[in-house]
Amino acid sequence: QVEVPQRMDEQLVGQRERKSSCCRERARATRTMSKEVPAGGEQAERAPEVKAAYGAAAMADLEEHIDWGSSECLNADSKHPFANVLKQGLRDQPALTLASDADEQLLLSVGFKTRVKVYSVLFDGPAERAPKKVKLLVNKSKSLGFDDADQLPGDQEFELACEELGAPYNLKFVKFQSVERLSIFIASNQSDDDDATVLSQLKLVGCPLHTTNMADFKRVSGEKGEAD
């Protein structure tokens with residue numbers, strides 16, 4: 001009479017333990033499926049984390065930021081315009097070149113859609129006709145002429161050796177932090193004579209300073225703050 005209730009209690013305890021264990025297994029399986037199987041039914045793959053680029057790693061070709069309507073080259077042979085060496089699709093074809101006309105000098109004025117930082121420049125051309133003596137001037141007027149370019153101090157001046165052609169030439173980065181217009185005065189070529197200077201490629205590398213498009217600004221005469 002004593003053993004029967006005891007066995008019944010043991011059976012009830014066992015049933016409760018089995019039921020509790022079954023519930024825990026179902027809950028664990030549900031959590032696992034929710035983590036591993038997305039709504040589409042396929043196993044989700046975590047996308048690799050993309051780290052932001054800084055310093056030199058953030059620098060890129062500035063060609064897309066060039067404002068072609070406000071850019072020009074003085075003393076260029078009309079058959080060899082400056083777009084040949086700056087525009088993608090043209091500058092990669094060695095037969096398309098920029099050549100000087102009356103003498104060895106060239107003066108390029110490159111305007112940008114937004115202010116940029118310029119990290120390096122690359123010049124390439126025939127060994128005896130490629131640029132040698134170069135002067136860079138920041139944010140000078142588009143009307144800058146050869147006399148002014150020759151007399152004004154440059155933000156950076158350098159001479160290219162033959163072995164430096166076709167390779168990026170790093171600039172004094174602190175001087176090219178907010179460039180709206182870059183004037184490139186090529187005073188001589190590798191042969192040091194007055195024959196035509198020839199470029200097959202010119203690449204500017206850097207990054208935008210911000211997203212303001214300079215072409216969106218129009219000066220309105222008579223507005224408050226405008227000079228008379």
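All values below come from the heavy atoms of this structure, side chains included, with hydrogens, waters and symmetry mates left out. Numbers here simply count residues along the sequence, with the first being 1.
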Short side-chain to backbone donor-acceptor contact, Ser100 and Thr197, under 3.5 Å: yes

Does one hydrophobic cluster hold both Val198 and Leu96, with members joined at side-chain heavy-atom distances below 4.5 Å? no

Would you call Glu180 and Arg115 a salt bridge, taking side-chain N to carboxylate O under 4.0 Å as the test? yes

Check whether any side-chain heavy atom of Leu106 lies under 4.5 Å from a side-chain heavy atom of Cys73, and answer yes or no. yes

Trace of the side chain to side chain contact (heavy atoms under 4.5 Å, CB included) decision for Asp103 with Asn75: CA-CA 8 Å; Asp103 56 23; Asn75 195 38; 3.0 Å; yes

Side chain to side chain contact (heavy atoms under 4.5 Å, CB included), that's the test. Do Gln156 and Lys175 meet it? Break it down for me. CA-CA 8 Å; Gln156 187 166 348; Lys175 294 189 174 183; 5.6 Å; no

Closest approach of Asp61 and Gln88, non-hydrogen atoms and distance? OD2-NE2, 3.2 Å

Please name the pair of heavy atoms, one in Asn189 and one in Ala196, separated by the smallest distance, quoted to 0.1 Å. ND2-O, 3.7 Å

Heavy-atom closest pair (Ser70 atom, Gly111 atom, distance to 0.1 Å) is OG-CA, 3.7 Å

Can we say Asp193 and Arg129 salt-bridge, meaning some charged N sits less than 4.0 Å from an Asp/Glu carboxylate O? yes

Using the test side chain to side chain donor-acceptor pair (under 3.5 Å), find all partners of Asn84 that sit at least two apart in sequence or belong to another chain. none

What closest approach, in Å, do Val134 and Ile184 show between heavy atoms, and which atom pair accounts for it? CG1-CG2, 4.1 Å

What distance do Leu152 atom CG and Lys140 atom NZ have between them, rounded to the nearest 0.5 Å? 5.5 Å

Looking at every heavy atom in both Ser71 and Asp67, which two are closest together, and how far apart are they? OG-O, 2.8 Å

Heavy atoms, side chains only, cut-off 4.5 Å: are Leu136 and Glu157 in contact? no

Set of ring-ring contact (aromatic ring centres under 6.0 Å, His included) partners for Phe146, sequence neighbours left out: none

Interatomic spacing from CD1 in Ile186 to NZ in Lys132 - rounded to 0.5 Å: 14.0 Å

Ignoring hydrogens and geometry, is there a side-chain-to-backbone donor-acceptor pair from Gln201 to Leu122 under 3.5 Å? no

Under the side chain to side chain contact (heavy atoms under 4.5 Å, CB included) criterion, do Lys142 and Arg181 qualify, and how do the steps go? CA-CA 8 Å; Lys142 184 180 177 181; Arg181 178 174 301 280; 3.9 Å; yes

Whether the side chain of Thr97 engages the backbone of Ala99 through a donor-acceptor N/O pair (distance < 3.5 Å, no angle test) should be reported. no

Shared hydrophobic cluster, Leu199 / Leu90 (ILVMFWY, side-chain heavy atoms < 4.5 Å): no

About how many Å separate CG of Asn139 and OG of Ser178, when rounded to the nearest 0.5 Å? 6.5 Å

Could you go through residues 160-173 and list every donor-acceptor pair under 3.5 Å that involves a side-chain atom there, pairing it with any protein atom two or more places apart or in another chain?
from	atom 1	to	atom 2	distance (Å)
Glu164	OE1	Ala161	N	2.8

Would you find a donor on one side and an acceptor on the other, under 3.5 Å apart, between the side chain of Asp194 and the backbone of Glu104? no

Are any of the side-chain heavy atoms of Leu204 and Tyr119 separated by less than 4.5 Å? no

Hey, is the main chain of Phe176 close enough, under 3.5 Å, to the side chain of Asp155 for a donor-acceptor pair? no

Atom OG in Ser200, atom CG in Leu202: separation rounded to 0.5 Å? 10.0 Å

Leu86 with Leu144, same ILVMFWY side-chain cluster at under 4.5 Å: no

Is it true that a side-chain atom of Lys135 and a backbone atom of Asp150 form a donor plus acceptor pair closer than 3.5 Å? yes

Lys133 side chain reached by Phe185 side chain, heavy atoms, under 4.5 Å: no

Quick check with a 6.0 Å cut-off and a 45 degree axis cone: is Lys113 positioned over the face of Trp68's six-membered ring? no

If two hydrophobic side chains count as joined below 4.5 Å and joins carry through other members, does Leu108 share a cluster with Val116? yes

Take a 6.0 Å sphere around CD of Glu128 and say whether it holds more than 12 heavy atoms from other residues, nucleotides or ligands. no

Identify whether Val121 and Leu107 are in the same connected component of the hydrophobic contact network (ILVMFWY, side-chain heavy atoms under 4.5 Å). no

Tell me the closest heavy-atom pair linking Leu98 and Ala76, and the distance in Å. CD1-CB, 3.8 Å

